[in-house]
Amino acid sequence: QVQVVESGGGLVQSGGSLTLSCTASGRNLSRYPVGWFRQAPGKEREFVAAISWSTTYSYYANSVKGRFTISKDNAKNMVNLQMNNLTPVDTAVYYCATQDRRFSNTYASPDDYDLWGQGTHVTVSS
C-alpha cells in the first residue's frame, strides 16, 4: 500500500521549535518532489514548503521563509520540516504530500500532489 505518514507534531510555546517528519511506503521520496502544507481551523489549506526531487531547489511561503527549513534524508526515505521561532499563527494541521512527476516545476498548489498523509497537529501557545 502506498502511503505517506507525518509525525512530530505537538504543543510548543511561542518562540519554540519543532521538527516534522514525513515518511513513505511504496514511494521513494528521493525520486520525487515533496511538499508541506498546513490548514488552520476555518481556513483553506496553504502551501508551506517544498523540495525538488534532487534537493537542488527548495521553496517556502513568505510567512515561513527564514524560520522553516525543508530537507530530505534519502537513507531513511524521509523529508523533514524544521520549524523555528514558532508563533500562534503557525498553529495548524500540517500535511506532507508528494508528487508523481519527478521533473515538476510547480510546487505551491495542492493540485500538484497526488499522495497525501493524514496530517499532524501543531499547536503553538502564546
Side-chain angles (χ1 to χ4, degrees):
Q1 182 180 1
V2 180
Q3 63 177 357
V4 168
V5 178
E6 304 95 337
S7 61
L11 174 65
V12 64
Q13 289 188 333
S14 185
S17 299
L18 278 177
T19 299
L20 305 184
S21 295
C22 171
T23 59
S25 57
R27 181 169 294 180
N28 188 338
L29 295 181
S30 70
R31 296 178 59 84
Y32 298 98
V34 177
W36 285 93
F37 290 75
R38 67 186 181 186
Q39 188 165 17
K43 295 188 176 182
E44 293 187 354
R45 191 169 298 191
E46 65 173 1
F47 170 75
V48 175
I51 189 166
S52 63
W53 74 270
S54 64
T55 74
T56 300
Y57 303 103
S58 56
Y59 307 88
Y60 298 93
N62 287 335
S63 59
V64 307
K65 199 171 294 183
R67 299 188 299 123
F68 290 13
T69 302
I70 189 170
S71 62
K72 283 189 176 183
D73 185 340
N74 291 335
K76 296 181 179 179
N77 198 29
M78 180 181 293
V79 174
N80 295 315
L81 184 68
Q82 173 69 41
M83 306 186 297
N84 298 326
N85 195 21
L86 288 162
T87 73
V89 175
D90 297 313
T91 295
V93 178
Y94 283 72
Y95 298 90
C96 176
T98 178
Q99 300 191 20
D100 60 355
R101 296 172 296 137
R102 187 173 188 183
F103 300 106
S104 170
N105 59 4
T106 57
Y107 297 92
S109 169
D111 293 338
D112 295 329
Y113 299 83
D114 74 303
L115 186 63
W116 291 79
Q118 293 299 308
T120 185
H121 289 258
V122 172
T123 302
V124 184
S125 63
S126 58

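Atoms considered below: every heavy atom in the structure, side chains included; atoms not considered: hydrogens, waters and symmetry mates. Nothing here was measured: the structure is a model prediction, and the numbers come from that model.
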Looking at residues at least two apart in the chain, or sitting in another chain, which of them share a side-chain hydrogen bond (donor to acceptor under 3.5 Å, both in side chains) with Ser58?
none
Between the side chain of Tyr60 and the main-chain N/O of Ile70, is any donor-acceptor distance below 3.5 Å?
yes
To check you understand the geometry: which heavy-atom pair defines the closest contact between Asn77 and Leu29, and what is its length?
OD1-N, 2.7 Å
For residues 4-18, which residue pairs qualify under side chain to side chain donor-acceptor pair (under 3.5 Å), counting only residues two or more places apart or in two chains?
Ser17-Asn84
Checking Arg38 against Tyr94 for the side-chain contact (heavy atoms from CB on, under 4.5 Å) test, could you report, in this order, the C-alpha distance in whole Å, the side-chain angles of both residues, the deciding distance, and whether it holds?
CA-CA 4 Å; Arg38 67 186 181 186; Tyr94 283 72; 2.9 Å; yes
Nearest heavy-atom pair of Leu81 and Val48: which atoms, and what distance?
CD2-CG1, 4.2 Å
Test side-chain contact (heavy atoms from CB on, under 4.5 Å) applied to Trp53 and Ser104, step by step:
CA-CA 9 Å; Trp53 74 270; Ser104 170; over 6 Å; no
Taking atom types as modelled, is there a side-chain donor on Asn80 or Thr19 under 3.5 Å from an acceptor on the other?
no
For residues 95-126, which residue pairs pass the disulfide (SG to SG under 2.5 Å) check, not counting sequence neighbours?
Cys22-Cys96
Near Arg31 CZ, under 6.0 Å, is it more than 12 heavy atoms from other residues, nucleotides or ligands?
no
Let me confirm one number: the OG-OH distance from Ser52 to Tyr107, rounded to the nearest 0.5 Å.
5.0 Å
Between Asp90 and Val122, is a side-chain contact (heavy atoms from CB on, under 4.5 Å) present by the stated rule, with each step listed?
CA-CA 8 Å; Asp90 297 313; Val122 172; 5.5 Å; no
Taken in chain and number order and not counting sequence neighbours, the residues that satisfy salt bridge (Lys or Arg N to Asp or Glu O under 4.0 Å) with Arg102 are none
By ring-ring contact (aromatic ring centres under 6.0 Å, His included), Phe47 pairs with (sequence neighbours left out) Phe37
Identify, with sequence neighbours excluded, every residue that meets side-chain hydrogen bond (donor to acceptor under 3.5 Å, both in side chains) alongside Asn105.
none
Given a cutoff of under 4.5 Å between side-chain heavy atoms of I, L, V, M, F, W and Y, with clusters grown through shared members, what are the other residues clustered with Met78?
none
In terms of hydrophobic clustering (I, L, V, M, F, W, Y; side-chain heavy atoms under 4.5 Å; direct or indirect links), are Leu20 and Val12 co-clustered?
yes
The remaining residues in the hydrophobic cluster of Val89, counting side-chain heavy-atom contacts under 4.5 Å among Ile, Leu, Val, Met, Phe, Trp and Tyr, are none
Could you list all the side chain to side chain donor-acceptor pair (under 3.5 Å) pairs where at least one residue sits in residues 113-126, not counting sequence neighbours?
Arg27-Asp114
Residues in side-chain hydrogen bond (donor to acceptor under 3.5 Å, both in side chains) with Lys43, at least two apart?
none
Of all residues at least two apart in sequence or in a different chain, which pass the ring-ring contact (aromatic ring centres under 6.0 Å, His included) check with Phe68?
none
What distance separates Gln82 CD from Leu18 CG, expressed to the nearest 0.5 Å?
8.5 Å
Tell me who clusters with Val5, hydrophobic residues only, linked when side chains sit under 4.5 Å apart either directly or through other members.
none
As an exercise, state the distance from OG1 of Thr91 to CG of Leu11, rounded to the nearest 0.5 Å.
8.5 Å
